[in-house]
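See structure below.
Naming convention: chains lettered A, B, ... in sequence-line order (proteins, then strands); numbering from 1 in each chain.
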Amino acid sequence: MAAPVLTPRADDFPRWYQEVVAKAELAENGPVRGTMVIRPYGYAIWELLQAELDRRIKAVGAQNAYFPLFIPEAYLRREAEHVEGFSPELAVVTHGGGKELEEPVVVRPTSETIINASIARWVQSHRDLPLIVNQWANVVRWELRPRLFLRTTEFLWQEGHTAHATEDDARALALRVLREVYEDTMVQVMAVPVVTGRKTARERFAGATTTWTCEGMMGDGKALQMATSHELGQNFARAFDITFSDETGSLVHAWQTSWGASTRLMGALIMAHGDDAGLRLPPALAPVQAVVLVARAGDGAGEAAAALARDLRAAGVRAELDDRTDTSFGRRVVDWELKGVPVRVEVGPRDLAAGQVTVARRDTGAKEAVPVGGAVAAVTERLAQVHATLLGEAAAHRDRATVEAASLAEAVEAAQDGFAHLPAALLADGGEQRLHEAAVSVRCLRTPGGGLPPSGDDLDGLVAVVARAY
RNA sequence: CGGGGAGUGGCGCAGUGGUAGCGCACCUGCUUUGGGUGCAGGAGGUCGGGGGUUCAAGUCCCCCCUCCCCGACCA
């Protein structure tokens with residue numbers, strides 16, 4: 001056995017993460033601090049994830065649109081909490097065309113303001129509602145401590161923005177997106193179980209009345225906020241004068257939501273499933289679902305492998321042929337393992353002589369000999385199992401690393417390597433601040449049964465999920 | 001912004017005043033190929049920038065720049 005390919009996850013998790021990102025050729029740093037080059041393999045994963053999210057976003061009634069990158073600084077200032085929340089991380093353009101601008105423009109950190117300026121024009125009547133738009137875009141939030149995918153100054157995301165006639169309609173949509181877009185994608189596509197709940201006032205989006213979140217547990221027990229869905233009340237409607245005539249003819253402000261998920265999800269994928277050999281991708285997000293490896297040239301191995309790759313593609317599998325027999329077998333195996341390819345088929349003279357091929361699973365590491373004629377079926381069968389295995393492992397890990405805490409001190413202790421459930425009443429009177437000082441935060445609030453609490457700020461009878469977070 | 005480090009080949013690093021090196025990666029050839037093969041040869045450097053000391057500076061002194069790590073905010 002040769003030297004380890006990666007720093008073992010248990011030895012130094014952050015270092016392991018960086019090495020996976022580099023060696024699986026997912027991304028690298030850009031020349032400006034905090035910027036990120038997403039490499040072709042990483043981008044291919046993102047495109048698959050994007051397609052899954054986009055389909056679900058449209059299924060809740062959204063239409064895609066595009067709004068400008070540059071926002072007048074004055075727009076940000078219209079909503080007091082919003083500008084206060086985002087000011088520290090704004091990139092501001094002061095010069096254009098060789099001259100100083102009369103009014104500086106902000107590079108969008110999020111698009112509530114500029115989109116709502118349009119929505120104000122588009123919405124006149126209750127018949128125009130609900131209005132549901134989504135955009136895929138890059139946004140910029142100046143980051144002091146960047147980490148590839150998890151926290152970069154520029155990142156890619158989708159942001160949905162809606163206007164409704166009533167508070168109930170807005171709330172229902174915010175929650176529908178949380179469940180049917182985000183949670184469903186995370187569980188069914190990414191194979192990452194999530195904890196859903198309401199953010200505390202402290203963690204709430206700047207300008208929102210209620211923020212809902214999906215929180216995942218990573219391999220080191222830390223939490224990652226994977227998506228948020230906000231009820232905006234009438235805050236932005238008042239700031240941007242979004243009014244409509246209701247059925248009775250009176251002019252009233254619309255109720256709104258916004259919601260987003262970003263390239264940070266790539267980080268979740270890596271940290272939730274990766275192991276000491278590298279990435280482990282769920283089949284739905286694997287650019288290459290099965291690689292057919294010519295183990296060793298000769299005796300028709302190349303031809304048999306090429307034929308199998310063709311058959312797999314015909315069967316709807318994203319399959320690739322690796323016939324680089326001038327590179328050693330071991331190196332190629334290591335490369336595909338780093339990249340997280342779910343199923344590997346090894347074809348060599350020795351296999352063929354026995355009328356078989358070797359099928360290896362990335363998730364369990366299991367290797368089996370199967371007859372040549374049954375290879376396609378064997379691969380599709382295993383692909384169907386990988387997702388459930390990854391999801392099951394992640395859920396088991398989360399459950400093992402989640403404990404019930406009866407005091408702030410117990411919660412801090414438990415949050416060192418997992419999640420703690422804490423009676424939310426203990427957050428009052430500076431309790432949440434004390435958690436914060438111990439580098440621990442409230443990820444979300446839930447009912448004792450794990451359900452979603454009502455909107456608003458009430459803590460009564462709720463359970464706080466507490467953890468260290470990315 | 002406060003504290004602590006580091007800038008030497010693509011990446012990671014060594015080099016206490018005297019001919020700029022090592023590992024990985026890269027190129028060529030042979031060898032090997034069923035879990036990161038081995039051997040031989042080769043290409044690649046304004047040692048962050050400027051100034052100073054010295055016969056001689058990657059190394060010592062001064063100034064500047066940049067980056068990284070730890071603390072307060074964040075999808």
Between [options], which nucleotide gets closest to the side-chain atoms of [X]?
X	options	answer
R331(A)	A75(B), G34(B), G36(B)	G36(B)
H436(A)	G36(B), A72(B), G34(B)	A72(B)
T152(A)	C74(B), C73(B), A75(B)	A75(B)
T358(A)	G36(B), A75(B), G34(B)	G34(B)
T228(A)	A75(B), G34(B), G36(B)	A75(B)
V334(A)	U33(B), G36(B), C74(B)	G36(B)
F329(A)	G36(B), U33(B), A75(B)	U33(B)
A295(A)	G36(B), C74(B), G34(B)	G34(B)

If the [atom1] atom of [N] is compared with that of [M], how far apart are they to the nearest Å?
N	M	atom1	answer
U54(B)	C1(B)	P	37 Å
C55(B)	C63(B)	P	24 Å
G12(B)	C67(B)	C1'	16 Å
C22(B)	G44(B)	P	15 Å
A25(B)	A43(B)	C1'	13 Å
G48(B)	G36(B)	P	38 Å

Sorted by position of nearest nucleotide on RNA chain B, 5' first, the leading residue of G365(A) and E437(A) is G365(A)
Do the charged groups of E180(A) and R56(A) touch, with an N to O distance under 4.0 Å? no
I'd like to know if E320(A) and K339(A) make a salt bridge, using a cut-off of under 4.0 Å between side-chain N and carboxylate O. no
Check this one for me: any side-chain N or O of R202(A) less than 4.0 Å away from OP1 or OP2 of C74(B)? no
A75(B), OP1 or OP2 - any side-chain N/O from R264(A) closer than 4.0 Å? no
Distance-only donor-acceptor test, K367(A) side-chain atoms vs G35(B) base atoms, 3.5 Å: yes
Ignoring hydrogens and angles, answer whether the base of C74(B) and the side-chain atoms of R151(A) contain a donor-acceptor pair closer than 3.5 Å. yes
Crowded around W136(A) CH2? As in, over 12 foreign heavy atoms under 6.0 Å? yes
Apply the ring-ring contact (aromatic ring centres under 6.0 Å, His included) test between H82(A) and each candidate in Y75(A), F205(A), F240(A); give the one that qualifies. F205(A)
Have a look at E89(A) and say if it touches a base, only the backbone sugar-phosphate, or nothing, with a 4.0 Å heavy-atom cut-off. sugar-phosphate
With a 4.0 Å cut-off on heavy atoms, is R344(A) in touch with a base, just the backbone sugar-phosphate, or nothing at all? base
Please check: side-chain N/O of R108(A) versus main-chain N/O of N138(A), any donor-acceptor pairing under 3.5 Å? yes
Quick test of the criterion, 5.5 Å between centres and less than 30° between planes. Is W157(A) stacked on A75(B) or not? no
Have E183(A) and T196(A) got a donor and an acceptor in their side chains that come within less than 3.5 Å? no
